[in-house]
2 protein chains.
Amino acid sequence: MQTSDLRKAGLKATLPRLKILEVLQQNKQDHLSAEDVYRKLLDNEEDIGLATIYRVLSQFEDAGLVIRHHFEDGHALFELEQGPHDHLICVKCGKIEEFFDNEMQQRQRDLANKSGFDLSKHTLVLYGDCQTANCENDTKKDSS
Amino acid sequence: MQTSDLRKAGLKATLPRLKILEVLQQNKQDHLSAEDVYRKLLDNEEDIGLATIYRVLSQFEDAGLVIRHHFEDGHALFELEQGPHDHLICVKCGKIEEFFDNEMQQRQRDLANKSGFDLSKHTLVLYGDCQTANCENDTKKDSS
DNA sequence: CAACTGATGCGAATGATTCACAATCAGGTC
DNA sequence: GACCTGATTGTGAATCATTCGCATCAGTTG
């Protein structure tokens, strides 16, 4: 029951919000665009307006429930907040992996401090060739 | 004379391209949007179409002369390629500083390798409060 | 300096995202 | 459990950055 999560965030527990949250939870490991969320809801017989999805995702972001990314192409991808982690993206197949490295986090804090900044967040994305057998094949267009 | 830079990149040395390159060089330390470049050219009596600026900036990017960033807001900012470096952005005044840390670069390579990736590039942005006296005041809108 | 090919400028087209506003719903109240 | 009030939604139009299409023009080559 995620009604409580919404309440905690100061948001009314409306049906669209619950359904959107549900989609995000069912795709914890992915990075979804607003459009993706929209389509997954349609597949689920839930006809929620795109504008609502954008609105709700922004509210979730403000509430800290969701993280918004702008990888290469500039258009927004969302994922549930699941603690600090960074991304590794294959430039050939588009696969996105996540990783966490404490030492790196620490060094980032140190570098920020050295420049007089009080670090509040960061974005680190590593791009490379994943070198797996089924890379190219899997030229991730979509997963409809 | 940067005509040679363009030739090397396989691009004809046309007036628009030379002028755009000039603007970038005069603003080495900044991060300009296509619109910014457009306006700076207008200020200089150079009336070059916005579409051309977008086209040329993309060509420069392909040629490795320019780097395209998508910081928070998702819209594109460009800067001259000046060797590897990362960014520190003040969340209050918007100031962008650059830094370089060899050890961090190394650790990134190691982490990518650990996941089987052959690292080709990366993006690291640290967000924080710059804590300088004239921070807020200087609420960087533009510098027209 | 003529010819060939790529480059430009313009305005229209696109795609993601946001807005405006009337209709509807959630949550507290009696 | 019906009511009230302000928050939320759906719709379609609006906006913003960016790209396209195409006729015209300019660099380069010989």
Side-chain angles (χ1 to χ4, degrees), chain A residues 1-23 31-42 44-63 65-66 68-78 141-142, chain B residues 1-23 31-42 44-63 65-66 68-78 141-142:
Chain A
M1 192 50 357
Q2 45 272 69
T3 299
S4 51
D5 296 325
L6 293 177
R7 289 278 173 62
K8 248 180 289 176
L11 298 169
K12 281 189 185 174
T14 64
L15 199 95
R17 296 215 260 241
L18 288 168
K19 290 301 180 186
I20 292 171
L21 198 46
E22 193 179 311
V23 166
H31 298 76
L32 305 177
S33 66
E35 188 80 29
D36 290 336
V37 173
Y38 177 65
R39 275 202 274 268
K40 282 182 191 293
L41 286 168
L42 278 185
N44 249 56
E45 315 280 79
E46 301 290 347
D47 192 351
I48 295 177
L50 236 193
T52 299
I53 294 179
Y54 276 104
R55 262 183 312 229
V56 169
L57 286 171
S58 292
Q59 294 159 346
F60 284 3
E61 185 189 12
D62 292 343
L65 293 174
V66 144
R68 179 196 306 254
H69 296 287
H70 287 107
F71 297 134
E72 283 301 74
D73 51 6
H75 92 255
L77 296 183
F78 301 84
K141 280 299 166 210
D142 65 342
Chain B
M1 199 42 3
Q2 45 271 68
T3 299
S4 51
D5 296 325
L6 294 177
R7 290 278 173 62
K8 246 179 292 177
L11 299 169
K12 281 189 186 175
T14 64
L15 201 96
R17 297 214 259 240
L18 288 167
K19 291 301 179 184
I20 292 171
L21 198 46
E22 194 179 311
V23 165
H31 298 76
L32 305 176
S33 65
E35 189 79 31
D36 290 337
V37 173
Y38 178 65
R39 274 202 274 269
K40 282 182 191 294
L41 285 168
L42 278 186
N44 249 55
E45 316 280 79
E46 302 290 347
D47 193 350
I48 296 175
L50 236 193
T52 299
I53 295 179
Y54 276 104
R55 262 182 313 231
V56 169
L57 287 172
S58 292
Q59 293 160 344
F60 284 2
E61 186 190 12
D62 291 344
L65 294 173
V66 145
R68 179 196 305 255
H69 296 287
H70 286 106
F71 296 134
E72 283 302 72
D73 50 6
H75 91 256
L77 295 182
F78 300 84
K141 281 298 167 211
D142 66 344

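Every chain is numbered from 1 and lettered A, B, ... according to where its sequence line falls, protein lines coming before strand lines.
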What is the minimum heavy-atom distance between A:L77 and A:S33, and which atoms define it? CD2-N, 3.7 Å
Gap between atom CG of A:D36 and atom CG of A:L41 - 0.5 Å precision: 11.0 Å
Rounded distance [0.5 Å steps], NE2 in A:H69 versus CZ in A:F78: 10.0 Å
How long is the gap from NE2 on B:H70 to NE2 on A:H70, to the nearest 0.5 Å? 8.5 Å
What integer distance in Å separates A:E46:CD from D:dG10:P? 10 Å
Which atom names give the shortest non-hydrogen contact between B:A9 and B:L65, and what distance separates them? CB-CD1, 4.5 Å
In whole angstroms, how far is the C1' atom of D:dT9 from the OH atom of A:Y38? 14 Å
Atom-to-atom span, CG of A:D36 to C1' of C:dT17 - whole angstrom: 15 Å
Sequence-aligned protein contact record of nucleotides 25-30 of chain D, with B where the base is within under 4.0 Å of a protein heavy atom and S where only the sugar-phosphate is: -BBS--
Rounded to the nearest 0.5 Å, what separation is found between the CZ atom of B:R7 and the OG atom of B:S4? 8.5 Å
Which atom pairs, one a donor and one an acceptor, fall under 3.5 Å between side chains of residues 15-23 of chain B and the rest of the protein, sequence neighbours left out?
{"unit_1": "B:R17", "atom_1": "NE", "unit_2": "B:K12", "atom_2": "O", "d": "3.1"}
{"unit_1": "B:R17", "atom_1": "NH1", "unit_2": "B:Q59", "atom_2": "OE1", "d": "2.8"}
{"unit_1": "B:R17", "atom_1": "NH2", "unit_2": "B:K12", "atom_2": "O", "d": "3.4"}

To the nearest 0.5 angstrom, please state how far the CG atom of B:L11 sits from the CG atom of B:D5. 10.5 Å
Could you tabulate the donor-acceptor pairs under 3.5 Å formed by side-chain atoms of residues 44-55 of chain B, not counting sequence neighbours?
{"unit_1": "B:T52", "atom_1": "OG1", "unit_2": "B:R55", "atom_2": "NH2", "d": "3.1"}

So if I take the C1' atoms of five pairs at each end of the helix from C:dC1-D:dG30 to C:dC30-D:dG1 and get each local axis, what angle do the two axes make, rounded to 10 degrees? 40°
Nearest heavy-atom contact between B:L32 and B:K40 is CD2-CE, 3.8 Å
So, using salt bridge (charged side-chain N to carboxylate O under 4.0 Å, His left out) as the criterion, who are the partners of B:R39 when residues are at least two apart? B:E35
Which whole-number value in Å describes the distance from B:R17 CZ to C:dA7 C1'? 6 Å
The contact string for nucleotides 16-22 of chain D, one letter per nucleotide 5' to 3', using protein heavy atoms under 4.0 Å with B, S and - for base, sugar-phosphate only and none, comes out as -SBBBB-
How long is the line joining CD1 of A:I53 and C1' of C:dT17, in whole Å? 13 Å
